[in-house]
Amino acid sequence: MLQRWRNKKNALIWLVCLFMSLTIAGKVLAFGEGAQGPDVYAVQGMLKSLGYFQGQINGYYGPDTANGVRVFQKANGLPPTGAVDDQTLQAILWAYGNLKIPKKPAPAPGPMPPKPGPPPQEKPPGLMPEEQQMIDLINKARSEAGLSPLAVDLELSKVARLKSQDMTDKDYFSHDSPTYGSPFDMMKRFGIRYRTAGENIACNQNAESAHQALMNSEGHRANILSRDFTHIGIGIVEGGPCGKMFTQQFTAK
């Protein structure tokens, strides 16, 4: 299974490199529904890693692929044609190349206190059932990886909900908010103190599908399974092009 995954990953990397060379040469042609082949396979793989495509990576450009491309185009200010042209392809390549959001330490005066362990997991008040479901899925994945569970930070969950609501209201999909700035700026604005922080976002129909999409993305999975983080906030809001907006914010106190 591991060798098979590596082969798929190597094939996708090779196809991305091929796309980049074709883009530089200015020879990429638009393609859309009904197309098939390695170019479609590469686009499906990149969109799945970015959380825009939930279908099967099979190299066939069907309605699910067109919808994923359309959502990506709309989120990135491109004409929502559902077809891949040069501009859309370059935007996908750029987003895929910058997939993992870096962790940014916050300045802290004085000596750093010892790293606390997460408290026992209890279902705190203030979480919606689907938010709790996503936290349970995350902590199950961490347990299977031999990691400690993340403690729920209700104040951080409020910030995560505001981010999801902002993406829904302002019709965008990005870590950088036109209202609040970067995730780190937003946390500081609402008084969240941390030593290290990170954020995952997803556009999907339900918590389980969103969790699987994030776990299939190397950068997002790295946040979920990071040993550095101790706390989490989840914000899920109805709306957006996929049905619901999901924001996961991680901190180490």
Side-chain angles (χ1 to χ4, degrees), residues 1-102 167 171-176 200-206 208-224 240-246:
M1 180 66 72
L2 179 59
Q3 184 61 41
R4 183 180 177 187
W5 180 86
R6 286 174 175 166
N7 291 339
K8 286 186 177 180
K9 182 178 180 183
N10 290 336
L12 181 56
I13 292 173
W14 180 87
L15 288 169
V16 170
C17 293
L18 175 61
F19 263 143
M20 292 180 70
S21 64
L22 290 175
T23 302
I24 293 171
K27 297 180 181 178
V28 177
L29 301 177
F31 57 92
E33 284 199 56
Q36 54 186 328
D39 48 358
V40 179
Y41 186 95
V43 166
Q44 288 174 330
M46 288 185 286
L47 288 176
K48 195 174 190 72
S49 294
L50 292 164
Y52 291 97
F53 176 63
Q54 310 306 323
Q56 183 180 1
I57 301 176
N58 55 15
Y60 175 72
Y61 204 118
D64 289 344
T65 305
N67 183 62
V69 170
R70 193 174 294 110
V71 173
F72 176 86
Q73 290 169 328
K74 191 173 182 182
N76 288 271
L78 300 171
T81 62
V84 177
D85 55 16
D86 286 354
Q87 189 177 14
T88 298
L89 178 58
Q90 290 184 23
I92 293 173
L93 286 168
W94 183 90
Y96 184 77
N98 293 273
L99 181 62
K100 185 176 180 181
I101 183 171
M167 288 193 291
D171 195 23
Y172 72 95
F173 185 80
S174 172
H175 290 294
D176 290 320
N200 287 343
I201 55 175
C203 177
N204 215 303
Q205 296 179 348
N206 56 63
E208 187 169 359
S209 296
H211 174 73
Q212 289 303 320
L214 292 170
M215 288 295 289
N216 288 334
S217 162
E218 183 177 354
H220 297 101
R221 184 175 64 251
N223 276 339
I224 291 172
C242 309
K244 295 179 182 179
M245 286 293 191
F246 299 79

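Below, all heavy atoms of this structure are taken into account, side chains as well, without hydrogens, waters or symmetry copies.
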Margin query: So, taking the atom named CG in L47 and the one named CD1 in I57, what distance separates them when rounded to the nearest 0.5 Å?
Written below: 9.5 Å
Margin query: Using 0.5 Å steps for rounding, measure from the CD atom of Q90 to the CD1 atom of I92.
Written below: 11.0 Å
Check: Rounded to the nearest 0.5 Å, how far does CG of N204 lie from SG of C242?
Finding: 6.5 Å
Note to self: When you compare the side chain of Q44 with that of N58, does any pair of heavy atoms fall below 4.5 Å?
What the structure shows: yes
Note to self: Testing the basics here: between A83 and V69, what is the closest heavy-atom pair and its distance to 0.1 Å?
What the structure shows: O-CG1, 3.7 Å
Margin query: Assess, by modelled atom type and distance only, whether the side chains of T81 and Q73 contain a donor and an acceptor separated by less than 3.5 Å.
Written below: yes
Check: Can you check whether F246 reaches L214 side chain to side chain, under 4.5 Å on heavy atoms?
Finding: no
Check: What pair of heavy atoms forms the shortest contact from C203 to M245, and how long is it?
Finding: CB-SD, 4.1 Å
Note to self: Is any side-chain heavy atom of M215 closer than 4.5 Å to one of I224?
What the structure shows: yes
Checklist line | Stepwise side chain to side chain contact (heavy atoms under 4.5 Å, CB included) test for H175 and I201 | finding: CA-CA 7 Å; H175 290 294; I201 55 175; 3.9 Å; yes
Check: Does CD in Q205 sit with more than 12 non-hydrogen atoms of other residues, nucleotides or ligands closer than 6.0 Å?
Finding: no
Check: Among all residues two or more places apart in sequence or in another chain, which pass the ring-ring contact (aromatic ring centres under 6.0 Å, His included) test with Y52?
Finding: F72, F173
Next item on the list: Go through the steps to decide whether L89 and L93 satisfy the test side chain to side chain contact (heavy atoms under 4.5 Å, CB included), and finish with yes or no.
Entry: CA-CA 6 Å; L89 178 58; L93 286 168; 4.1 Å; yes
Margin query: For L78 versus A91, what's the shortest heavy-atom pair and its separation?
Written below: CD1-CB, 3.9 Å
Next item on the list: Report yes or no: does N200 contribute a side-chain atom to a donor-acceptor pair with the main-chain N or O of H220 at less than 3.5 Å?
Entry: yes
Item checked: Distance, nearest 0.5 Å, that separates OG of S217 from CE of M46 -> 13.0 Å
Next item on the list: Could you walk me through whether F53 and V71 pass side chain to side chain contact (heavy atoms under 4.5 Å, CB included), step by step?
Entry: CA-CA 9 Å; F53 176 63; V71 173; over 6 Å; no
Next item on the list: Show the numbers, then the answer: is there a side chain to side chain contact (heavy atoms under 4.5 Å, CB included) between F31 and V40?
Entry: CA-CA 8 Å; F31 57 92; V40 179; 3.9 Å; yes
Notebook entry, point to check: Taking the side chain from Q54 and the backbone from A213, do they hold a donor-acceptor pair closer than 3.5 Å?
Noted result: no
Notebook entry, point to check: Heavy-atom distance under 4.5 Å between the side chains of E33 and T65, does that happen here?
Noted result: no
Notebook entry, point to check: Between N206 (side chain) and E208 (backbone), is there a donor-acceptor pair under 3.5 Å?
Noted result: yes
